[in-house]
Every structure is written in structure tokens, then in C-alpha cells.
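Structure first, commentary second.
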Number of protein chains: 2
Amino acid sequence: MNPQEIIINYARKLVPLTDEEGEQFAAAFKEQRVKKRQFIIQPDFTAKSRYFVLNGSLRAYVIGEEGQDHTIQLAVEEWWISDYNSYIFQQPARMFVIAMEDSLLLQLTHEQESRLKDENHKFETFFRMLAERSVAFMQRRIISSLTQSAEERYELFVEKYPAMAYRFPQYVIASYLGMTTEFLSKIRNQRVKPKS
Amino acid sequence: MNPQEIIINYARKLVPLTDEEGEQFAAAFKEQRVKKRQFIIQPDFTAKSRYFVLNGSLRAYVIGEEGQDHTIQLAVEEWWISDYNSYIFQQPARMFVIAMEDSLLLQLTHEQESRLKDENHKFETFFRMLAERSVAFMQRRIISSLTQSAEERYELFVEKYPAMAYRFPQYVIASYLGMTTEFLSKIRNQRVKPKS
DNA sequence: CTTCAGGAATGAAGTAGATTAGGAAAAGAA
DNA sequence: TTCTTTTCCTAATCTACTTCATTCCTGAAG
């Protein structure tokens with residue numbers, strides 16, 4: 001499947017599109033290849049685009065006071081990534097977004113997205129649904145952080161996203177789940193051992 | 001200002017509406033009075049509506065394994081509240097939503113919202129923007145929970161929402177910020193003392 | 001006025017998870 | 001291959017925060 005087909009297919013999971021609408025939608029995106037460790041978003045610059053991952057993986061993070069990094073979002077195939085606070089309000093970003101592997105992305109600029117939404121009600125609906133899904137996703141993450149222990153959060157994560165749990169290095173998972181890499185190491189090895 | 005004017009005014013902060021469109025928008029809502037401690041959403045029932053607060057205050061929370069409650073969302077005048085995971089996907093709720101004071105709400109059912117979005121592109125835009133703002137808001141909360149200590153989270157909260165910080169009982173604020181009421185008490189009293 | 005319930009304060013003891021510091025593997029790069 | 005960098009592990013110590021237990025405070029209801 002080529003990139004255009006993939007993004008059209010994806011969009012059709014949320015809204016029905018004619019072939020013509022599909023093409024119109026896909027035409028708003030631009031393919032972008034990024035190499036491992038390349039940044040696509042950096043603090044103080046406004047995030048002009050959001051990105052859809054065709055293949056590869058990325059990570060959004062912020063740097064805390066004492067230099068530790070905290071993973072805000074992860075993305076693999078068929079996920080979106082950006083600094084949304086920056087993208088939505090077109091304000092300077094706080095986050096880094098970096099490629100974890102050589103990746104192929106579809107870039108959608110804020111302008112192109114606006115144009116799409118103006119052109120066709122269905123595209124507006126699409127982005128509304130996308131945002132609502134993010135809300136639901138983030139709410140689950142907030143609930144998890146409020147109600148669960150580090151170990152429970154990790155188990156839930158592995159259960160829901162087994163592919164991610166081994167694709168990203170451990171320090172990334174740990175900082176995504178809000179714990180240190182040392183502690184995650186402990187949890188992982190406790191889980192394996194019990195062969196009594 | 002009457003309830004209709006308030007909600008129209010509110011909507012106009014996000015999208016321009018003619019007087020006629022404003023009326024059409026407001027007509028989709030139904031006023032609802034709730035008394036302190038009354039539930040408007042309960043686990044296992046599907047959240048049929050979302051609510052806009054005209055006056056009063058509400059709180060959404062989940063009950064953890066050991067019976068502690070965790071505040072997921074707070075709402076005062078001009079805020080919205082519901083169990084969004086339930087509302088958006090029309091699935092059984094996990095949360096309680098309860099009135100903290102006698103309150104006056106505008107209820108918008110899922111059906112009425114759908115009708116609005118179908119009738120006029122502008123309403124679809126409105127709800128898209130609402131969802132995007134939630135995304136940004138929740139992202140900030142996630143960042144705060146990952147990067148800040150209990151004390152820092154509280155200080156940020158007081159700074160951004162000073163009105164809420166004293167309107168809600170302390171145990172509510174504490175469980176919203178992810179700490180115990182005892183610990184918040186300690187933080188508060190440390191902050192006041194230093195008169196050296 | 002009491003009585004009672006919801007909420008807040010305080011302090012002692014316990015613990016989940018962080019920090020620190022060491023080194024061992026993987027995995028790239030040369 | 002060898003060198004370098006990145007990632008992971010182990011274990012001891014430390015601390016931010018929880019738990020538990022008790023007392024205090026306030027306002028509303030009788």
C-alpha cells in the first residue's frame with residue numbers, strides 16, 4: 001500500500017470518504033523522511049505541523065529543571081505526533097519530538113489542515129473525532145497515573161501496547177510511565193523470575 | 001444574563017454565530033438544577049449528556065481498588081463536565097460526577113449534540129475546538145504530573161486556578177493533584193508559616 | 001445550647017520509588 | 001576486529017510521600 005492509500009484508509013476509519021475526497025485529503029500531506037535522532041520539533045519554535053507515522057517511531061519529551069527527560073508521547077505506525085499545545089494554538093513549543101528510528105512520515109501543516117477543514121465538512125469531522133480520541137486516551141493516562149502504582153502502570157502498558165513495550169528502549173518507557181529506568185528494570189526482573 | 005445568553009456568548013468565543021445560529025445552538029440545551037451531593041453520572045450507566053455549568057460546582061472521580069477516590073475533573077462556572085470516555089463512545093461510565101454545591105447546569109445530550117453538528121458546520125467546528133482545548137489542558141496536566149513534585153503541582157494549581165483552590169474542600173484538591181489530604185495540609189501550612 | 005458530621009491539622013512510623021555509583025552487555029562506528 | 005556509545009542491571013542508601021491514629025474545628029440540625 002502506498003502512503004496515499006494508507007492515509008485515506010486511515011481517514012475512512014473515522015469518516016466515509018468518496019475516492020475524490022480521499023485524494024483531496026491525501027494531497028494535503030507531504031512525505032518526509034527522517035533519520036534516527038533527527039528532531040522534527042524543538043522548544044521555542046512553533047510546531048508548524050503534525051505528523052502521521054507511516055513507518056518508524058518517534059518520541060515527544062520535555063526536559064525538567066534538573067535535566068531529566070520526561071516522555072510525553074510515543075508514536076509508531078498509524079499514530080500522530082506533535083507538540084499539540086504548540087500546534088493547536090500556534091505558540092512556541094515546549095517539547096522536543098525526535099525520531100527513534102529512521103522513519104517515514106506524512107507531514108500536515110497547520111495551514112493545510114485549516115484549508116481541509118474549510119473545504120469539506122467531513123474533514124472537520126475527522127479532526128474533531130481525532131481530538132476526541134486524544135481526550136479519551138489522555139484521560140485514561142491521567143486515571144492510570146492517579147490510581148495505579150508504578151508496577152501496575154507498567155503491566156497495563158505492556159498489556160495494551162505489547163509492541164511498544166519492547167520496541168522502545170527501557171529508559172523511554174520508564175520516563176513515559178513516570179518512573180526511573182532503574183526502577184523499571186527492577187520491576188521487569190521481578191516479573192520474570194517467580195519460577196518457584 | 002440569562003442561561004441562553006451565557007451559552008451563546010460562550011460559543012461565540014470560539015466561533016462567530018449569527019443571532020439565529022446562537023438561538024439554534026442554545027435551544028439544544030436543557031436547564032437542569034441539581035442539589036449538593038446529587039449524582040449526574042454513575043459507573044456502569046452510559047453518560048447520555050455533557051453538562052455546562054451556569055453556576056455551582058461539580059466533581060468527577062473514580063474509586064480505586066482500596067476505596068480511595070481520585071478526582072479526575074473539576075468544574076465551576078463556564079466549564080464543561082462529563083465522563084468523556086463514556087460520552088464520546090457511548091459506553092458505560094467508570095466515573096461518578098457529583099454536585100459539590102447546589103448548581104444550575106445546561107444539559108446537552110449526545111443526540112442533540114449530533115444534531116447540532118449535522119445542522120451547521122460551525123457547530124462541528126465549535127466541538128472540535130472544545131476537544132482540542134481539552135487535549136491541550138490534559139497534556140499540561142500530564143506534564144505537570146510527570147515533572148513536578150507534589151508541592152510544585154499545588155503551587156501551580158493555586159497560581160492558575162486560585163478561585164478553585166479555596167472553593168473545593170482540601171481532600172478534593174489533594175486527590176485531583178495526586179496526593180493525600182494529609183500531605184496537602186502539610187504543604188499548605190508550611191507555605192503560610194515562614195514569617196521569619 | 002448540645003450533638004453530630006464533614007473536614008482539617010498534626011505527628012509518628014512505614015514504604016514506594018528515587019538517587020547514586022558501579023559495572024556488564026549490546027550495538028554502532030571506524 | 002576494536003573502540004565508543006548507548007542501554008541495561010544490581011544493590012545500597014535516601015527521601016518524598018503515605019498510612020494510621022488522634023484531636024480539633026466548624027456549621028448545621030435538632
Side-chain angles (χ1 to χ4, degrees), chain A residues 35-38 56-57 59 61 63-71 74 96 98-102 144-158 164-194, chain B residues 35-39 57 59 61 63-71 74 96 98-102 144-158 164-194:
Chain A
K35 299 212 67 99
K36 183 169 179 175
R37 246 156 278 192
Q38 184 179 332
S57 60
R59 159 175 183 252
Y61 64 98
I63 302 273
E65 307 276 285
E66 289 88 19
Q68 312 120 298
D69 66 42
H70 303 275
T71 301
L74 296 173
F96 294 90
I98 191 172
M100 298 300 292
E101 315 169 23
D102 292 355
S144 173
S145 84
L146 287 176
T147 62
Q148 300 186 296
S149 68
E151 182 164 1
E152 289 167 333
R153 273 176 276 143
Y154 176 66
E155 309 225 314
L156 184 66
F157 181 80
V158 170
M164 287 197 181
Y166 289 96
R167 182 157 178 186
F168 290 100
Q170 163 172 291
Y171 74 88
V172 169
I173 308 288
S175 83
Y176 178 79
L177 293 174
M179 67 188 82
T180 59
T181 179
E182 292 90 339
F183 195 67
L184 178 52
S185 170
K186 199 179 290 182
I187 289 173
R188 275 186 167 165
N189 296 322
Q190 269 167 10
R191 274 162 47 85
V192 178
K193 263 185 227 157
Chain B
K35 299 214 68 102
K36 182 169 178 173
R37 246 156 277 192
Q38 184 179 333
F39 290 99
S57 60
R59 160 175 182 252
Y61 64 98
I63 303 274
E65 307 276 285
E66 290 88 18
Q68 311 120 297
D69 65 42
H70 303 275
T71 300
L74 296 173
F96 294 89
I98 191 173
M100 299 299 293
E101 316 170 23
D102 293 354
S144 172
S145 84
L146 287 176
T147 62
Q148 301 187 296
S149 68
E151 182 163 2
E152 288 168 333
R153 273 177 274 143
Y154 176 67
E155 308 225 316
L156 184 66
F157 181 79
V158 170
M164 286 196 182
Y166 289 96
R167 183 154 175 189
F168 290 99
Q170 162 173 291
Y171 73 89
V172 169
I173 308 288
S175 81
Y176 178 79
L177 294 174
M179 67 188 82
T180 59
T181 179
E182 292 92 334
F183 196 66
L184 178 52
S185 168
K186 218 164 281 182
I187 289 173
R188 274 185 167 166
N189 295 323
Q190 269 167 11
R191 273 162 48 85
V192 177
K193 262 184 226 156

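For the numbers below, each heavy atom of this structure counts, side chains included, while hydrogens, waters and symmetry mates do not. A, B, ... follow the sequence lines: proteins, then strands. Residue 1 opens every chain.
Note that the CG atom of B/Leu74 and the CE atom of B/Met100 stand 8.0 Å from one another [nearest 0.5 Å]. The line from CD of A/Glu101 to NZ of A/Lys35 is 12.5 Å long, rounded to the nearest 0.5 Å. A/Tyr154 OH to A/Ile187 CD1: the interatomic distance, rounded to the nearest 0.5 Å, is 8.5 Å. Separation of atoms CE (A/Met179) and NZ (A/Lys186) is listed at 12.0 Å; rounding is to 0.5 Å.
Note: CG (A/Leu184) to C1' (C/dT19) measures 16 Å, nearest angstrom. The CZ-P distance, from A/Phe168 to D/dC8, rounds to 13 Å in whole Å. Straight-line distance from the CE atom of B/Met100 to the P atom of C/dG6: 12 Å, rounded to whole Å. When rounded to the nearest whole Å, the span between NZ of B/Lys36 and P of C/dA5 equals 15 Å. Following rounding to the nearest Å, B/Ile187 (CD1) and C/dG11 (P) show an atom-to-atom distance of 16 Å. B/Glu65 has its CD atom 18 Å from the C1' atom of D/dT19, to the nearest Å. When the P atom of C/dG28 is taken as reference, atom NZ of A/Lys35 falls 13 Å away, rounded to whole Å. Rounding to whole angstrom units, OH of residue A/Tyr166 and P of D/dT7 are separated by 17 Å.
With C/dA18, C/dT10, D/dT18 as the choices, the nucleotide that has an atom nearest any side-chain atom of A/Phe183 turns out to be C/dA18. For A/Met179, taking side-chain heavy atoms from C-beta onward, the closest of the listed nucleotides C/dA9, C/dA18, D/dT18 is C/dA18. For A/Arg37, the side-chain atoms get nearest to D/dT6 when compared with the rest of D/dC8, C/dG6, D/dT6. Of the candidate nucleotides D/dT6, D/dC17, C/dT10, D/dC17 has the atom nearest to the side chain of B/Ser149. In this structure, of D/dT18, D/dA21, D/dT7, it is D/dA21 that holds the atom nearest to the side chain of B/Glu182.
End-to-end axis angle for the helix from C/dC1-D/dG30 to C/dA21-D/dT10, using five pairs per end and rounding to 10°, comes out at 30°.
Under the 30°/60° scheme for interplanar angles, the aromatic rings of A/Tyr61 and A/Phe96 are found to lie parallel.
Between A/Glu151 and A/Glu155 the shortest side-chain heavy-atom distance falls below 4.5 Å.
A sub-4.0 Å separation between OP1 or OP2 of C/dA8 and a side-chain N or O of B/Ser185 is absent. An OP1 or OP2 oxygen of D/dT6 is reached within less than 4.0 angstrom by no side-chain nitrogen or oxygen of A/Gln170. Remark: A/Thr180 is not in phosphate contact with C/dG17, judged by side-chain N or O atoms under 4.0 Å from OP1 or OP2.
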Taking distance alone, no hydrogens or angles, what donor-acceptor pairs closer than 3.5 Å link side-chain atoms of residues 169-178 of chain A to residues at least two apart or in another chain?
unit_1: A/Gln170; atom_1: OE1; unit_2: A/Arg188; atom_2: NH1; d: 3.0
unit_1: A/Gln170; atom_1: NE2; unit_2: A/Thr181; atom_2: O; d: 3.4
unit_1: A/Gln170; atom_1: NE2; unit_2: A/Thr181; atom_2: OG1; d: 3.2
unit_1: A/Ser175; atom_1: OG; unit_2: A/Thr71; atom_2: N; d: 3.2
unit_1: A/Ser175; atom_1: OG; unit_2: A/Thr71; atom_2: OG1; d: 2.5
unit_1: A/Ser175; atom_1: OG; unit_2: A/Val172; atom_2: O; d: 3.4

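Among the atoms of the strands shown, only primed sugar atoms or phosphate atoms (P, OP1, OP2) are found under 4.0 Å from some heavy atom of A/Gln68.
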